[in-house]
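One-based numbering, in listed order, for ligands and for the atoms of each. Not measured: the values here are computed from a predicted model.
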Amino acid sequence: MTELVELAGSQDVAVAAADRIVAAVGGVPHAVLGVATGSSPLATYRELGRRAESGVDLGGLHVVQLDEYVGLAAGHPERYGAVVRRELADRIALPHERVHVPDVDASDLDGACAAYEALIRDLGGVDLQILGLGSDGHVAFNMPGSSPASRTRVTALSDRTVQDNARFFGGRTDLVPRAAVTQGLATIHEARSLLMLVTGESKAAALRALLEGPAGPQAPGTALLDHPDLTILADRAALGALRPAGPAALGGARR
Ligand code: GLP
């Protein structure tokens, strides 16, 4: 079942997301939280930091990342492993060895992808997976055209994603990696619960394509719509295109 929740702004999304994350995995030793990078979840990670400061125990989690760039030097601050350690783990007193990232430095990348799938299985699967939505509809680094049956693999970034992500590299597209290891759509689908955060006007078209279709590989997120527990937290700006008849129409969008 998909639940679509309208919230006023991005900070409201962060608070609602933190509420759900804490309810699902807070204080549960060895619970597995799947995490996304990009801008969308950053406010949620700050909010989780505040919850940890006020006594919620998140230090016993395992955190499993969706994806990682291929080709950035070890120690680069924009490697997703570094981002998650900085933006989340350090705020919730999570030891760094509990942050799990695909081994993109391996000489055998296909082997590293298979090992990552095995790691997720060995951890008992992902309890709650946080997701963002790319402006072209990508989920993790599953670009338009990705198969619903896809597993963890090496993938090429679209030009649009390279442009979108250049803001993390001083605006320089030439510094953005062209490849990544990403969990596949089928891998993501196996998480017990999915929590997608969608904020801002720049996501309105992608959110509309996700919810109104047509479903298929051109809108990768549609592969997740039959998940038994998918919640989409969206702010008004992102929902704009879905509200032609005003707020009353949102009741119809909840399903
Ligand atoms: C990035 C990440 C995704 C993320 C998406 C949206 O490239 N690989 O996991 O959800 O793009 O990013 P943002 O939230 O910055 O718009």
Side-chain angles (χ1 to χ4, degrees), residues 7 9-11 13-14 17 33-47 63-72 76-84 86-88 99-102 104 113 116 126 128-146 150 152-171 173 175-185 187-189 191 194-210 219-224 230-235 237-239:
L7 294 148
S10 57
Q11 183 55 26
V13 168
L33 176 66
V35 295
T37 45
S39 318
S40 305
L42 292 178
T44 298
Y45 298 156
R46 284 193 290 273
E47 185 60 29
V63 163
V64 172
Q65 289 191 211
L66 279 175
D67 48 16
E68 178 61 282
Y69 289 122
V70 173
L72 288 183
H76 192 292
E78 290 307 324
R79 275 180 60 141
Y80 284 167
V83 171
V84 169
R86 182 171 72 230
E87 299 290 342
L88 179 62
V99 176
H100 304 283
V101 193
V104 291
C113 293
Y116 201 59
V126 172
L128 175 66
Q129 176 65 57
I130 302 168
L131 298 169
L133 183 68
S135 63
D136 63 356
H138 73 259
V139 175
F141 274 129
N142 293 285
M143 297 296 156
S146 297
S150 54
T152 302
R153 68 200 184 288
V154 181
T155 185
L157 274 57
S158 66
D159 289 345
R160 181 159 177 192
T161 298
V162 168
Q163 280 160 18
D164 283 352
N165 288 5
R167 69 189 188 283
F168 296 111
F169 295 85
T173 52
L175 297 181
V176 182
R178 272 13 190 208
V181 167
T182 184
Q183 288 188 36
L185 291 167
T187 318
I188 294 168
H189 200 290
L194 302 176
L195 184 63
M196 181 178 280
L197 315 179
V198 192
T199 60
E201 204 181 341
S202 66
K203 301 297 174 65
L207 184 58
R208 185 173 192 161
L210 171 65
T222 59
L224 305 174
L230 164 64
T231 301
I232 302 173
L233 304 180
D235 70 2
L239 277 164

Which segment of Tyr69 sits under 4.0 Å of ligand 1 when only heavy atoms are counted: neither

Spatial distance of atom CD1 (Ile130) from atom CG (Leu33) [nearest 0.5 Å]: 4.5 Å

Close-contact set for ligand 1 against Phe141 heavy atoms, below 4.0 Å: 7 (O), 8 (N)

Donor-acceptor pair, side chain of Tyr116 and main chain of Asp67, under 3.5 angstrom: no

Leu197 near ligand 1 by a heavy-atom separation under 4.0 Å: no

Whether Arg86 side chain and Pro77 backbone form a donor-acceptor pair below 3.5 Å: yes

Ring geometry between Phe169 and His76 (parallel below 30°, tilted from 30 to 60°, perpendicular above 60°): tilted

Side chains of Phe141 and Ser146 in contact at under 4.5 Å (non-hydrogen atoms): no

Part of Ser40 within contact of ligand 1 (heavy atoms, under 4.0 Å): both

Numbered atoms and elements of ligand 1 in range of Tyr80, under 4.0 angstrom, heavy atoms: 1 (C), 2 (C), 7 (O), 8 (N)

Student check: side-chain heavy atoms of Thr222 and Leu210 closer than 4.5 Å: yes

Protein residue, atom and distance nearest to atom 7 (O) of ligand 1, heavy-atom basis: Asn165 ND2, 3.0 Å

Proximity to ligand 1 by part of Thr182, non-hydrogen separation under 4.0 Å: neither

Option set Ala206, Gly38, Gly200, Ala140, criterion heavy-atom distance to atom 3 (C) of ligand 1, minimum: Ala140

Distance filter under 4.0 Å to Lys203 heavy atoms, resulting ligand 1 atoms: 13 (P), 14 (O), 16 (O)

Option with minimal heavy-atom separation from atom 13 (P) of ligand 1, where the choices are Ala36, Ala180, Ser39: Ser39

Sub-4.5 Å side-chain heavy-atom contact between Asn142 and Ile188: yes

Heavy-atom nearest neighbour in the protein, as seen from atom 10 (O) of ligand 1, with distance rounded to 0.1 Å: Gly132 CA, 3.3 Å

Proximal atoms of ligand 1 relative to His138 (non-hydrogen, under 4.0 Å): 1 (C), 5 (C), 7 (O), 11 (O)

Sub-3.5 Å N/O-N/O distance, Thr161 and ligand 1: no

Within-4.5 Å side-chain heavy-atom neighbours: Leu239 and Leu207: yes

Heavy-atom side-chain proximity of Val63 to His100 below 4.5 angstrom: no

Residue and atom name of the nearest protein heavy atom (relative to atom 8 (N) of ligand 1), distance in Å to one decimal: Asp67 OD2, 2.8 Å

Closest protein heavy atom (residue, atom, distance) for atom 6 (C) of ligand 1: Leu133 O, 3.9 Å

Non-hydrogen side-chain atoms of Leu197 and Leu131 separated by less than 4.5 Å: no

Test item: Val83 and Phe168 side chains (from C-beta on) under 4.5 Å apart, heavy atoms: no

Numbered atoms of ligand 1 (with element) below 4.0 Å of Thr37, judged on heavy atoms: 4 (C)

Contact partition for Asp164 relative to ligand 1, non-hydrogen atoms under 4.0 Å: neither

Within reach of ligand 1, part of Arg167 (heavy-atom separation under 4.0 Å): side chain

